[in-house]
Amino acid sequence: MSKPVEQLSQVIVRFAGDSGDGMQLTGSQFTSETALLGNDISTLPDFPAEIRAPAGSLPGVSGFQVHFADFDILTPGDAPNVLVAMNPAALKTNIKDLPKGGTLIVNSDAFNERNLQKAGYATNPLEDESLGEFQVHSVPLTSLTVGALKGIEGVTPREAERSKNMFALGLMSWLYGRPIEPTVEFLEEKFAKRPEIAEANVKALQAGYAFGETTESFAVTYEIKPAKLTPGTYRNITGNQALSLGLVAASRLSKLPLFLGAYPITPASAILEELAGYKNFGVRTFQAEDEIAAAGAAVGAAFGGSLGVTTSAGPGVVLKAETIGLAIMLELPLVICDIQRAGPSTGMPTKPEQGDLLMVLFGRNSESPVPVVAPRSPSDCFDAAIEACRIALKYRTPVYLLSDAYLANGSEPWLLPDVESLPDISTTFATEPNDGDEFLPYLRDEQTLARPWAVPGTPGLEHRIGGLEKADRTGNISYDPDNHDLMTRLRAQKVAGIASDIPELEVDDPDGDARVLVLGWGGTYGPIAAACRRVRTGGRSVAHAHLRHLNPFPRNTGEVLRRYDKVLVPEMNLGQLLKLVRADFLVDAVGYNRVSGIPLRSAEVADAIEAMVDQ
């Protein structure tokens with residue numbers, strides 16, 4: 001007899017366990033199953049910073065949160081409705097986020113004395129009633145998995161035990177009506193060279209699904225209907241994947257070969273790995289010996305006529321600063337992707353933060369302005385990458401693209417764009433002298449102030465480059481005071497002029513009578529938008545504006561800010577955009593700042609907004 005089905009509008013599930021328990025794979029496959037049912041999705045992988053922490057230890061806990069719903073959602077959720085804990089350490093590090101009455105599914109086999117001691121438990125929480133406020137389902141996942149896999153030849157007891165994540169996935173798939181056939185296909189393909197391992201994982205998955213159907217522990221199953229999304233073809237995509245595809249698209253749209261110079265660093269390494277698979281699109285990836293060499297190679301590629309890109313995170317961007325200063329002096333197009341993480345120094349390598357804004361704006365010697373672009377969601381990384389390339393190519397300047405670990409690793413459904421709708425960002429090279437019979441490498445375009453881009457080897461266009469100050473027009477070395485003043489102002493004027501070539505700042509103010517404006521940038525978009533939605537549902541008016549271009553600001557930014565009595569600026573830093581807004585526009589903005597290594601929580605942002613509205 002089938003169990004009753006209860007309708008829900010949304011669910012937030014968090015899988016947590018050892019970094020060797022396969023939580024990322026479990027979460028990603030649950031996400032894929034959910035995507036096929038048409039739910040809107042937002043995910044938040046949470047990787048341990050340790051490469052291989054001791055098994056059962058608190059620093060080694062890996063998590064994956066999936067938020068899925070029958071309506072448009074904006075974040076992975078503040079807290080899980082369901083926590084799947086594979087061991088005591090996973091329970092210890094995540095139980096504080098589970099609200100009272102939440103569902104807790106634990107692998108009871110892992111709650112032995114040794115694991116409890118590693119996690120810092122004096123007594124077994126499954127036996128001491130400390131979990132009394134939750135709906136606890138104690139399931140012997142390990143022993144059930146090992147029992148289900150008996151008789152499969154070639155599978156060791158250890159390999160059988162490692163399949164317990166698939167048992168958990170099967171159970172959760174049953175509980176929320178997810179199809180397991182796509183995961184079966186995935187496993188058979190993934191382990192094609194070891195069919196016995198494929199068989200073990202598939203059997204564990206099916207055993208978990210069957211356990212849900214037959215156990216008395218779960219009385220109902222749940223259904224979340226498909227979301228009403230814009231018609232079209234969707235795929236689930238992470239921020240780093242979208243950014244990579246955006247760079248490939250920019251290469252095709254500009255008709256230039258893409259060159260990536262990179263040094264592996266969390267959380268940017270996935271871009272190097274992703275782009276390495278696009279050689280068929282003329283993409284060249286170069287894993288350099290260090291960050292400085294990676295940036296230097298990208299500048300060299302730009303000088304040679306390629307779309308030069310370099311990627312890193314905060315610590316690596318610091319090392320690239322001198323080379324980026326060289327690109328500013330050379331006035332060559334270059335895109336620097338900074339996938340921000342918690343710092344300073346090594347900091348918390350796998351955790352998100354927005355701490356690099358002031359660094360990319362001012363972290364070089366002398367007057368060296370650069371444009372800065374920031375995506376607002378994982379899928380938006382695609383469009384932001386194209387925009388960064390457009391500006392770099394049109395204005396012959398380095399451009400920073402500021403993503404973060406939250407966007408980079410998180411995922412959401414992405415509506416595949418119509419290729420015909422993508423912008424033409426093609427550029428031209430200098431092919432002949434531009435001043436009679438002479439070529440002047442710093443003779444600027446009257447509108448953009450960009451200098452001509454001459455590919456080395458073009459007959460008659462030989463010219464000097466380097467880090468020493470250039471004479472106006474000729475590009476010769478110059479130590480003339482007036483020339484240095486002129487060139488410094490021209491470089492700044494070129495970047496400032498980009499404001500006329502970007503969209504004005506849009507404001508979401510449904511009622512038109514809000515007194516409070518919430519201003520954000522980058523990955524805070526989801527939490528801020530969700531918070532504003534919550535505040536409006538409660539009967540209050542609030543306006544929301546989100547910045548994609550952080551240098552220069554949209555030309556109407558000052559007018560927008562002065563339109564409101566109060567301005568709140570939520571950030572995952574200690575107030576970097578806030579400082580810029582107060583300094584540039586002389587508005588008495590107030591910050592809401594968190595640097596906890598996790599995304600902003602929409603409920604907490606909503607509380608801050610309501611407090612400001614009610615003042």
Side-chain angles (χ1 to χ4, degrees), residues 237-251 256-279 281 283-302 306-324 327 332-341 343 346-347 349-350 352-357 359-360 363 370-375 378 380-389 391-393 397-410 522-523:
I237 198 165
T238 68
N240 276 347
Q241 289 173 332
L243 194 154
S244 301
L245 289 175
L247 293 174
V248 176
S251 171
L256 297 175
L258 174 63
F259 177 91
L260 173 68
Y263 180 77
I265 184 172
T266 301
S269 299
I271 300 172
L272 172 61
E273 297 163 1
E274 185 79 15
L275 286 176
Y278 288 98
K279 294 182 178 66
F281 284 99
V283 177
R284 293 185 180 181
T285 52
F286 170 57
Q287 182 174 319
E289 65 268 30
D290 56 43
E291 297 281 5
I292 299 171
V299 173
S306 293
L307 175 55
V309 179
T310 187
T311 56
S312 193
V317 173
V318 171
L319 295 169
K320 296 179 190 291
E322 183 180 8
T323 305
I324 294 165
L332 286 172
L334 176 70
V335 175
I336 309 102
C337 303
D338 179 0
I339 317 302
Q340 301 166 96
R341 71 189 207 189
T346 307
T350 59
E353 202 165 277
Q354 291 182 305
D356 295 353
L357 177 57
M359 177 183 72
V360 302
V370 291
V372 179
V373 176
D380 188 48
C381 289
F382 176 84
D383 296 307
I386 295 175
E387 174 67 356
C389 293
I391 293 173
L393 293 170
T397 177
V399 177
Y400 277 97
L401 180 59
L402 281 183
S403 180
D404 62 61
Y406 166 45
L407 299 183
N409 297 320

If you round to the nearest 0.5 Å, how far is [atom2] of [Y] from [atom1] of [X]?
X	Y	atom1	atom2	result
S306	L256	OG	CG	7.5 Å
C337	L272	SG	CG	11.5 Å
Y263	I292	OH	CD1	11.5 Å
L243	T311	CG	OG1	9.0 Å
S269	E274	OG	CD	13.0 Å

Do [X] and [Y] have side chains that get closer than 4.5 Å, going by heavy atoms?
X	Y	value
L401	P375	yes
Y400	I324	yes
P398	V370	yes
V299	L334	yes
I386	L247	no
P333	T397	no

Take Y278 and L245 through the test side-chain contact (heavy atoms from CB on, under 4.5 Å) and record every step on the way to the result.
CA-CA 9 Å; Y278 288 98; L245 289 175; 3.1 Å; yes

Just do the side-chain contact (heavy atoms from CB on, under 4.5 Å) check on L275 and V309 with the steps written out, would you?
CA-CA 11 Å; L275 286 176; V309 179; 6.0 Å; no

Heavy-atom donor-acceptor pair, Q340 side chain to S403 backbone, under 3.5 Å:
yes

Under 3.5 Å, side chain of D290 to main-chain N/O of A293, donor-acceptor pair present?
yes

Distance alone, cut at 3.5 Å: any donor-acceptor contact between the side chains of K320 and T310?
yes

For a quick test of reading the model, state the closest non-hydrogen atom pair linking [X] to [Y] and the distance between them.
X	Y	answer
V335	A392	CG2-CB, 4.1 Å
S312	V317	OG-N, 3.7 Å
R341	I265	NH1-CG1, 3.5 Å
G239	C381	O-CB, 3.4 Å
P267	A405	CG-CB, 3.8 Å
A408	I339	CB-CG2, 3.6 Å

Has F259 got more than 12 heavy atoms of other residues, nucleotides or ligands less than 6.0 Å from its CZ?
yes

Check against side-chain contact (heavy atoms from CB on, under 4.5 Å), V373 and L402:
CA-CA 6 Å; V373 176; L402 281 183; over 6 Å; no

Determine, stepwise, if the pair R284 / L260 fulfils side-chain contact (heavy atoms from CB on, under 4.5 Å).
CA-CA 6 Å; R284 293 185 180 181; L260 173 68; over 6 Å; no

